[in-house]
Number of protein chains: 2
Amino acid sequence: MTNIKAVAKRAGVSPSTAKRAINEPEKLSPALLHRVLQAIKELDYEPDLTARALRQGHTLNVGFLVPDLVEPFSAQLAQEVSVRLQHTPHILLLANSSHQPDLERHNLKRFSGQRISALIIRPSYGSGNLDYLLKMKDKGTYIIEVDHHLPDSPFDHVMLDHEQAIRLGLDHLTALGHTRIACLSTPSREGLLAGRTLMFEREMAARGIPVPPLYREINRHSTEDAYRFTRHLLGLPDPPTALFVLGGLELLGVHQGIQDAGLSVPGDISLLAFDEDAWTSRMKPGIDGIEQPVGMIGETLVRQVLKNTPAPVEPLQLKLPGRLIQRGSCAPPRGR
Amino acid sequence: MTNIKAVAKRAGVSPSTAKRAINEPEKLSPALLHRVLQAIKELDYEPDLTARALRQGHTLNVGFLVPDLVEPFSAQLAQEVSVRLQHTPHILLLANSSHQPDLERHNLKRFSGQRISALIIRPSYGSGNLDYLLKMKDKGTYIIEVDHHLPDSPFDHVMLDHEQAIRLGLDHLTALGHTRIACLSTPSREGLLAGRTLMFEREMAARGIPVPPLYREINRHSTEDAYRFTRHLLGLPDPPTALFVLGGLELLGVHQGIQDAGLSVPGDISLLAFDEDAWTSRMKPGIDGIEQPVGMIGETLVRQVLKNTPAPVEPLQLKLPGRLIQRGSCAPPRGR
DNA sequence: TTGTAGGCGTTATCAG
DNA sequence: CTGATAACGCCTACAA
């Protein structure tokens, strides 16, 4: 492995001088600087980040932990974060907890052992891992929650205003005259209503619209479960006249459920979703949805990570390709 | 930072003994083992992976580098790999090269500096970074290409049989009687036909079906470009009667283009795609597509990585929750 | 079965 | 402006 010592030797300087050529080049005499850079190029030396991490006590890596990566929101978010981190010295460590607190903790441990400098986490419900997150914070990891935040957690967080979004959706449905409204939603642990489901219930109560017990069911986060539950709902003596899909994975199953029941949207039943997939706009009819500002969320996450993380300026020298867009303003010269 | 020394001190043993309690517990006397484990728990000690990496010369991290993360195939693949890596000691480092060889190399350097033990890469076209990949291989990184492989590259690779898939698609279309067939596809650098596009051309030639020059256009990988190109195609004096969408991002734009042109599928025009998005099956009519075995690809990638990578057995002690599925076989006892 | 010593490549500190 | 030295925490010999 070619290390800084080899470079120093070749340039005829001490290791510390050679390192300075990289980290504080302005402090070197031009002649030496040139010689060292030359040696670096000849040996194509690349600093060992693991050694650096050991010495500094932390890496420049950012953990990204979500319950599920297929879920459109998480997938889009990963993309947003990944693209924006591209132009920083940080690297993204990806893991998913499959909606299981045990796996979440398992991954937190792995990240922690890796000495990540920041963690972006969509925490699972319940406060089971809050203690561990607090410990990580104490050790200097910057932690930011996304989409949901644990009760009493002291971390930064950024997320959709879920309450406002639910209200928006219910306004839409009630204005159309719906009262038999069912929601399909995120899983809940031990029978407790969770997240958006809870807000849905509260908001319905606030409007004085009852939610029949048969409309409520604890179902897990999956397309298949959503399908089954949809069929169940549509088969009831008093089926809902509108479905409000609160999670990103369920919509596909719901849509299929409606079709297989021989019903049509919106004639037989209204369908409202959290709009997290481009395809929903291609359906006929298009599916009404509530849009999440994923781009802004991603941008904020990365900005906060950068702000709260010690990172040397990375001399990224990138030549971006121009793109020729032909719209017709160019033609062969006259007379040819 | 609580390290193995602290643990050793607390347990009243030497550091190496303490370490052995973790790495080779069977070699310790039960009494000592207990004392050490106790100390580990009390201090909640966690090994520093950066130190380990420095000492060993490599981490247990796996780089994952694709041109684009939104593209359904890449997104699904990331998910597949991520889930399967969950049960190994490896961590996934994610990066995307945005279809730019410069960015690809940039990320390769970052990965290399991180001393990853394996790299899963969907390489960009051209052989610009082959030299660098070879260097990484020499340094001991296991490299496996996915979806595409560089000419003359010595690396393992796993991918769809693109030729067979294209043939399958064209068989389908020609059997229906189509001869005016256009493809929408991956970007090509410097006017060279690339990847599937090339195969499409070859396969059309083999069948003696001409591809009008106006059907050919170098367009980049994006939904918007696909939309524009679709409108262009449909506006031609002799428009295609079938569109073959070869990439995962374009379909959305093509679909919209067809609709905005006031045409219907399949009456006015046939549409065939690489089936990489669950939503295509929800459309009316459903969109014919060629399915990629993403799951198997992901499985293979992970298997190969594990096989070619030195990894200690990780004592993962996970309690997975059972799930109650109510199908009706349980009821209250008789007589109540 | 247990303990000791050296070094992985880097950065921080101190000396010249 | 430049060079020497120690330490980060771990692993691998080897010694007891």
Side-chain angles (χ1 to χ4, degrees), chain A residues 1-37 39-40 43-61 89 112-115 117 139-140 310-312, chain B residues 1-37 39-40 43-61 89 112-115 117 139-140 310-314:
Chain A
M1 201 54 56
T2 148
N3 55 14
I4 199 62
K5 252 184 186 163
V7 172
K9 198 168 170 186
R10 178 158 196 127
V13 297
S14 78
S16 11
T17 303
K19 248 313 169 194
R20 267 187 279 260
I22 298 174
N23 294 334
E24 339 169 75
E26 72 284 356
K27 291 196 175 175
L28 277 193
S29 66
L32 267 195
L33 179 59
H34 180 74
R35 252 173 43 217
V36 176
L37 291 181
I40 288 180
L43 301 175
D44 50 29
Y45 161 76
E46 286 173 14
D48 184 326
L49 268 3
T50 65
R52 181 199 151 99
L54 171 58
R55 178 60 230 239
Q56 307 231 105
H58 61 89
T59 62
L60 287 177
N61 297 342
S112 180
Q114 289 265 352
R115 303 289 182 260
S117 56
K139 287 189 200 157
Chain B
M1 201 53 57
T2 149
N3 55 15
I4 199 63
K5 249 184 188 163
V7 172
K9 199 166 168 187
R10 177 156 195 128
V13 297
S14 78
S16 28
T17 304
K19 248 312 166 195
R20 267 187 277 260
I22 299 175
N23 294 334
E24 337 169 75
E26 72 283 359
K27 292 197 174 175
L28 277 193
S29 66
L32 266 195
L33 179 59
H34 180 74
R35 252 170 47 214
V36 175
L37 292 181
I40 287 179
L43 301 175
D44 49 32
Y45 162 76
E46 286 173 14
D48 184 326
L49 268 3
T50 66
R52 181 198 150 99
L54 172 58
R55 176 62 228 252
Q56 308 238 102
H58 65 264
T59 62
L60 286 177
N61 297 342
S112 180
Q114 289 265 352
R115 302 289 181 264
S117 57
K139 288 190 201 156
V313 277
E314 192 183 47

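Here is the naming used below: chain letters follow the sequence lines, and residue numbers restart at 1 for every chain.
In this structure, of C:dG3, C:dT10, D:dC10, it is D:dC10 that holds the atom nearest to the side chain of B:R52.
Between B:A51 and B:S14, the residue whose closest nucleotide on DNA chain C is further toward the 5' end is B:S14.
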Short N/O separations, protein against nucleotides 12-16 of chain C, under 3.5 angstrom:
| from | atom 1 | to | atom 2 | distance (Å) |
| --- | --- | --- | --- | --- |
| C:dA12 | OP1 | A:Q56 | OE1 | 3.2 |
| C:dA12 | O4' | A:R55 | NH2 | 3.3 |

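For A:S117, the side chain to side chain contact (heavy atoms under 4.5 Å, CB included) partners are A:H58, A:H90, A:T309, not counting sequence neighbours. Here A:Q56 pairs with nothing under the side-chain hydrogen bond (donor to acceptor under 3.5 Å, both in side chains) rule; sequence neighbours left out. When the side-chain hydrogen bond (donor to acceptor under 3.5 Å, both in side chains) test is applied to B:E46, the partners found at least two apart in sequence or on another chain are A:S112, A:Y132.
Between the CD1 atom in A:I40 and the OG1 atom in A:T2 there is a gap of 9.5 Å [rounded to 0.5 Å].
Heavy atoms of B:L54 sit under 4.0 angstrom from at least one base atom. Residue B:K5 is out of contact with every strand shown, counting any heavy-atom pair closer than 4.0 Å. Residue contacts shown for B:P47 are limited to sugar-phosphate atoms, with no base heavy atom under 4.0 Å away.
Contact annotation: the side chain of B:R115 approaches that of A:D48 to within less than 4.5 Å [non-hydrogen atoms, C-beta and beyond]. For the pair B:T50 and A:Q114, the minimum side-chain heavy-atom distance is 4.5 Å or more. Side-chain atoms of B:L60 and B:R52, non-hydrogen and from C-beta on, do get closer than 4.5 Å to each other. Two residues are said to be in side-chain contact when any heavy atoms from C-beta on lie closer than 4.5 Å; A:V7 and A:V36 meet this criterion. Side-chain contact check for B:R10 versus B:L43: some heavy-atom pair is nearer than 4.5 Å.
Between the P atom of D:dG9 and the CG atom of A:D48 lies a distance of 17 Å, rounded to the nearest Å. Between the CD1 atom of B:I22 and the C1' atom of D:dG9 there is a distance of 12 Å, rounded to whole Å. B:R35 has its CZ atom 12 Å from the C1' atom of C:dT2, to the nearest Å. Spacing between atom CG of B:L49 and atom P of D:dC10 amounts to 10 Å, rounded to whole angstrom units. For the pair B:K19 NZ and D:dA13 C1', the interatomic distance rounds to 17 Å; values are reported in whole Å. Spacing between atom CD1 of B:I4 and atom C1' of C:dT2 amounts to 14 Å, rounded to whole angstrom units. The interatomic distance linking A:H58 (NE2) with D:dG9 (P) rounds to 13 Å, in whole Å. At whole-Å resolution of the value, CG in A:N23 and P in D:dT2 are 15 Å apart.
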Using distance only, find each side-chain donor-acceptor pair of residues 16-23 of chain A under 3.5 Å and give its atom names and separation, not counting sequence neighbours.
| from | atom 1 | to | atom 2 | distance (Å) |
| --- | --- | --- | --- | --- |
| A:S16 | OG | A:S14 | OG | 3.4 |
| A:T17 | OG1 | A:S14 | OG | 3.1 |
| A:K19 | NZ | A:Y45 | OH | 3.0 |

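Within the helix from C:dT1-D:dA16 to C:dG16-D:dC1, the inter-axis angle between the opening and closing five-pair segments is 40°, rounded to 10°.
Phosphate proximity of D:dC10 to B:N3: absent, as no side-chain N or O sits under 4.0 Å from OP1 or OP2. Contact check, B:T17 against C:dT2: no side-chain N or O comes under 4.0 Å of OP1 or OP2.
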